[in-house]
Structure formats: structure tokens, C-alpha cells
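So the structure is just underneath, and the comments pick up after that.
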Amino acid sequence: MDWKKAFSEKFSAHLQILWQEPLSRHTTFKIGGAAECFVYVSEQEDIPKILEFCRETRVQLHLMGNGSNLLVDDQGVPGIVMCMGSDFSDISVDGTRMTVQAGALMSRVSKKACDEGLSGLEFAQGIPGSVGGGVIMNAGAYGGELSQVVTGVKAYDREGNLLAISGEELGFAYRTSAMRERELIVVSVEMELVRGDRAQIKFRIAEYAKKRREKQPLEYPSAGSTFKRPTGYFAGRLIQDAGFSGCQVGDACVSEKHCGFVINKGNANCAQVRLLMQKIIAGVEEAFGVTLEPEIVYWGQADG
């Protein structure tokens, strides 16, 4: 039986399934071809069932949160894209401990912490990603990052086993974690915050928001910081000093407001973004001997 027909027969009664769904609709870059199959997950119990189906049929499975750190190939991706979004985003608070489902947006979790008078997530207010993706890449800003507050996660491995992993086992590093290499599917995250003055927490959030508006090209679609910060340098400054401010390939452009961002000025496609990134990497290497490493994740026909 064709896997698409089998998947539809098995899951269509209770899951929202979209066929040949343009991923440009689901990424903050507004770029990307179609997913063969795009499915929204609202119940945790469906995740091991989908994993089992993919193992049995050898269909590729891709995991998407808010699509905020993602560049998708113009040809799209094969297989199933499983999205944990707003229907998988419960937040619960017990004292200073917060438990969050993977689909909750970082900004919403930060606001919830503020409302509860809990400090430690002020930096996350302007990060557009979901908590599941955020913890896998150890998202952060303005000196804060999730590794500072996360005490554990629950996640499925690709065999469908539900794992409880302590903070010490998560292998956090700059913009990555051990979960990324293991291709774990995070379903919930536990965080330990501290009591704080609500007015002071709101003030810090407002200050970070002001800095973002002033320094980041929020008016254009992007995938956030395009490159990781090299040790001892700032990627945006290197790109600027190498002469790439405002450089364009088609509608893919290095932001003049912040050279650490490649933005979509209208109808940029993946090929244009990738070519521009290659030019930047080569130019910075030639000018300063520093090799920039992409922070955004690329999905292609073979990369998954």
C-alpha cells in the first residue's frame, strides 16, 4: 500500500493532515517548498504512533516547531513534517517550577513567568521560537540562555521510547545540546526559576524589547541570527567589516540594520539565501581568517 494512503487511513480521523503543504507558510523566513505531508500534533500519545509508522514504512520524519530557525529548500522535503504548535503548548506552574509543552512559544512562556512573578526568562520574550526547538538549540539572548533554567526534559527517541532526561545529561553548549545529535523529540520541558519583583521583571523585558526594535530588522522575514558567534568575535561585525552590509542575491539581503541577519526583502528563495551565505562565509574567511558556522538549520531533499 502507498504510504500516503496508509497514513491517511490510520491518522486522518483525529489529526489535521495537509498534503503538499508549502513550508513557506510555516517558517519565519517565508521561504520553502512543500512538505509531502504536514501534520499537526495535539496529543502526546500520537507521537510514538507516528514514529512507529515512519519506522515501519521507512518514511522520513522531520520535526517542526515555530519554524523560526529554519531554511527550507525550494524543492521542499520528502516524507512527513510533524508540527507541535499551539495545540501542544500547555504551561503549568508549581511554586518556582514551570513545566511547559514543547509547542509553547518562548515569548508566551516568558510572559507567563512574568505574570507569576518569576525571573529567569526575561531574555526569551523576543525569541520567536517554540520551547521544544529552543531547548534543543539552547536558545538565548542578552546573556541569558535556556541552559540556565532548564532542569529536565521529557523526550522520545526515534524508537518511540519516552525518556526523562535531567539537566546535567542534556549536554548544553553554545546554541546546541546533546539532544540535537540524538534527534530526540522533546515533548515537555521543566524549568526552575526564582522569585522576583514583577515590576522589575517587566522593566527588563521592556528594555530587551526596545533593544531588539532598535538593533534588529524585525520588519523583514528572517530566521534570526544567520551565523553562530565565533569565539572572540561578533558575526555581525565581521560581516559588516568584510563589506557585506546591504549585499543582495535576488531578494536575499544582508540587513544594513544588523549584518548578523540575512533577511527576505520580498520574494527571496532558498537558493538565493544559500548563495549569499556562501559568499559571506568565503569573504569573512578571506578577510579575517575566521570561518563562520551557520546557526540556521537547512532542510533539503537529502538533508532532512
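Model, not experiment: these values are computed from the prediction. Computed from heavy atoms alone, side chains included, the values below leave out hydrogens, waters and symmetry copies.
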In terms of heavy-atom contacts, His62 and Pro78 come closest through NE2-O, 2.7 Å

Distance-only polar pair, side chains of Asn66 and His26, donor-acceptor under 3.5 Å: no

Would you check if Arg212 and Tyr142 make a side-chain contact, meaning some heavy-atom pair closer than 4.5 Å? yes

If you round to the nearest 0.5 Å, how far is CG of Leu193 from SG of Cys114? 11.5 Å

Could you verify whether a donor N or O on one side chain and an acceptor N or O on the other, from Tyr156 and Asn161, lie under 3.5 Å apart? no

From CD1 (Ile185) to CG (Leu63), nearest 0.5 Å: 5.5 Å

Within the distance-only criterion (no hydrogens, no angle test), does the side chain of Ser177 pair as donor or acceptor with the backbone N or O of Asn138 below 3.5 angstrom? no

Do other residues, nucleotides or ligands put more than 12 heavy atoms under 6.0 Å from Asp115 CG? yes

Looking at Asp73 and Trp299, would you say the former's side chain and the latter's main chain have a donor-acceptor pair under 3.5 Å? no

At their closest point, which heavy atom of Thr28 faces which heavy atom of Ala223, and how far apart are they? OG1-CA, 4.0 Å

Residue pair Val41 / Phe88: nearest heavy atoms and the distance that separates them: O-CB, 3.7 Å

Backbone N or O of Arg97 within a donor-acceptor pair of the Asp94 side chain at under 3.5 Å? no

Is there a side-chain contact between Met64 and Thr27, using heavy atoms and a 4.5 Å cut-off? yes

Chi angles and distances behind the ring pair (Phe, Tyr, Trp, His ring centres under 6.0 Å) call for Phe172, Tyr174: CA-CA 7 Å; Phe172 282 124; Tyr174 175 65; over 10 Å; no

Let's go through His258 and Gln240 carefully: what are the C-alpha distance in whole Å and the side-chain angles of both, what is the deciding distance for side chain to side chain donor-acceptor pair (under 3.5 Å) to 0.1 Å, and is it a yes or a no? CA-CA 9 Å; His258 190 316; Gln240 178 176 317; over 6 Å; no

Do other residues, nucleotides or ligands put more than 12 heavy atoms under 6.0 Å from Glu45 CD? yes

Show your working on ring pair (Phe, Tyr, Trp, His ring centres under 6.0 Å) between Phe53 and Phe7 and close with a plain yes or no. CA-CA 8 Å; Phe53 177 89; Phe7 188 82; 5.1 Å; yes

Full working for side-chain contact (heavy atoms from CB on, under 4.5 Å) between Gln101 and Ile91: CA-CA 7 Å; Gln101 284 188 310; Ile91 303 171; over 6 Å; no

Would a distance-only check, ignoring hydrogens and angles, find a side-chain to backbone donor-acceptor pair under 3.5 Å from Ser89 to Ser86? yes

Can you establish whether the number of heavy atoms outside Lys257 located under 6.0 Å from its atom NZ is more than 12? yes

For the residue pair Phe227 and Ile281, establish whether any side-chain heavy-atom pair is separated by less than 4.5 Å. yes

Quick one: does Asn264's side chain have a donor or acceptor within less than 3.5 Å of a partner on Ser222's backbone? no

Quick check against the 3.5 Å criterion: does Asp251 have a side-chain atom that pairs as donor or acceptor with the backbone of Asn267? yes

Indicate, with yes or no, if Val131 and Ile165 share a hydrophobic cluster defined by side-chain heavy-atom contacts under 4.5 Å among Ile, Leu, Val, Met, Phe, Trp and Tyr. yes

Below 4.5 Å, heavy atoms only, C-beta onward: do Cys253 and Tyr220 meet side chain to side chain? no

Could you report the tightest heavy-atom contact between Pro221 and Phe29, atom names first, then the distance? CB-O, 3.6 Å

More than 12 foreign heavy atoms under 6.0 Å from CZ of Arg237: is that the case here? no

Any Met98 side-chain heavy atom under 4.5 Å of Val109 side chain: yes

Indicate whether the side chain of Glu122 and that of Ser119 have a donor and an acceptor atom separated by less than 3.5 Å. yes

May I ask you to say whether Glu116 pairs ionically with Lys112, meaning some side-chain N is under 4.0 Å from a carboxylate O? yes

Using modelled atom types only, decide if a donor and an acceptor are shared between the side chain of Arg55 and the backbone of Arg158 within a distance under 3.5 Å. yes

What verdict does the side-chain contact (heavy atoms from CB on, under 4.5 Å) test give for Ile205 and Lys202, after you've listed the backbone C-alpha separation in whole Å, the side-chain angles of each residue and the deciding distance to 0.1 Å? CA-CA 5 Å; Ile205 287 174; Lys202 285 184 177 180; 5.7 Å; no

For the residue pair Arg175 and Ser225, confirm or rule out a side-chain donor-acceptor distance under 3.5 Å. no

Is it the case that atom CZ in Phe288 sees more than 12 heavy atoms from other parts of the structure closer than 6.0 Å? yes

In plain terms, say whether Lys228 and Glu293 are close enough for a salt bridge, that is, a side-chain N and a carboxylate O under 4.0 Å apart. yes

Atom pair CD1 (Ile280) and CD (Glu285), whose distance is rounded to the nearest 0.5 Å: 14.0 Å

Gap separating the CD atom of Glu36 from the CG atom of Leu18, nearest 0.5 angstrom: 14.0 Å

Answer yes or no: is there a side-chain heavy-atom contact under 4.5 Å between Met179 and Val135? yes

Tell me, yes or no, whether the heavy-atom count around Asp197 atom CG, taken from other residues, nucleotides or ligands under 6.0 Å, exceeds 12. yes

Answer with yes or no whether the hydrophobic clustering places Ile127 together with Ile296; edges join I, L, V, M, F, W, Y residues whose side-chain heavy atoms lie under 4.5 Å apart. no

Within the distance-only criterion (no hydrogens, no angle test), does the side chain of Glu214 pair as donor or acceptor with the backbone N or O of Lys211 below 3.5 angstrom? no

Should we count CD of Glu219 as having more than 12 external heavy atoms under 6.0 Å? yes

Heavy atoms, side chains only, cut-off 4.5 Å: are Arg213 and Leu218 in contact? yes

Between Leu292 and Leu238, does a side-chain contact (heavy atoms from CB on, under 4.5 Å) hold up when you go through it step by step? CA-CA 9 Å; Leu292 293 178; Leu238 289 172; 4.3 Å; yes

If you round to the nearest 0.5 Å, how far is CD of Glu21 from SG of Cys83? 10.0 Å

Beyond-backbone contact of Cys54 with Ile80, side-chain heavy atoms, under 4.5 angstrom: yes

Quick one: CG on Leu146 to CG on Leu121, what's the gap to the nearest 0.5 Å? 7.0 Å

Hphob cluster co-occupancy, Phe261 + Phe123, side-chain heavy atoms under 4.5 angstrom: no

Count the heavy atoms of every other residue, nucleotide or ligand shown that sit under 6.0 Å from CZ of Arg204, and state whether that count exceeds 12. yes

Backbone N or O of Ser147 within a donor-acceptor pair of the Glu145 side chain at under 3.5 Å? no

Is there a donor-acceptor pair closer than 3.5 Å between any side-chain N or O of Glu192 and the backbone N or O of Thr151? no

Could you check whether Arg229 pairs with Glu295 (Lys NZ or Arg NE/NH1/NH2 to Asp/Glu carboxylate O, under 4.0 Å)? no

side-chain contact (heavy atoms from CB on, under 4.5 Å) evaluation trace for Leu15 with Tyr40: CA-CA 7 Å; Leu15 289 179; Tyr40 286 101; over 6 Å; no

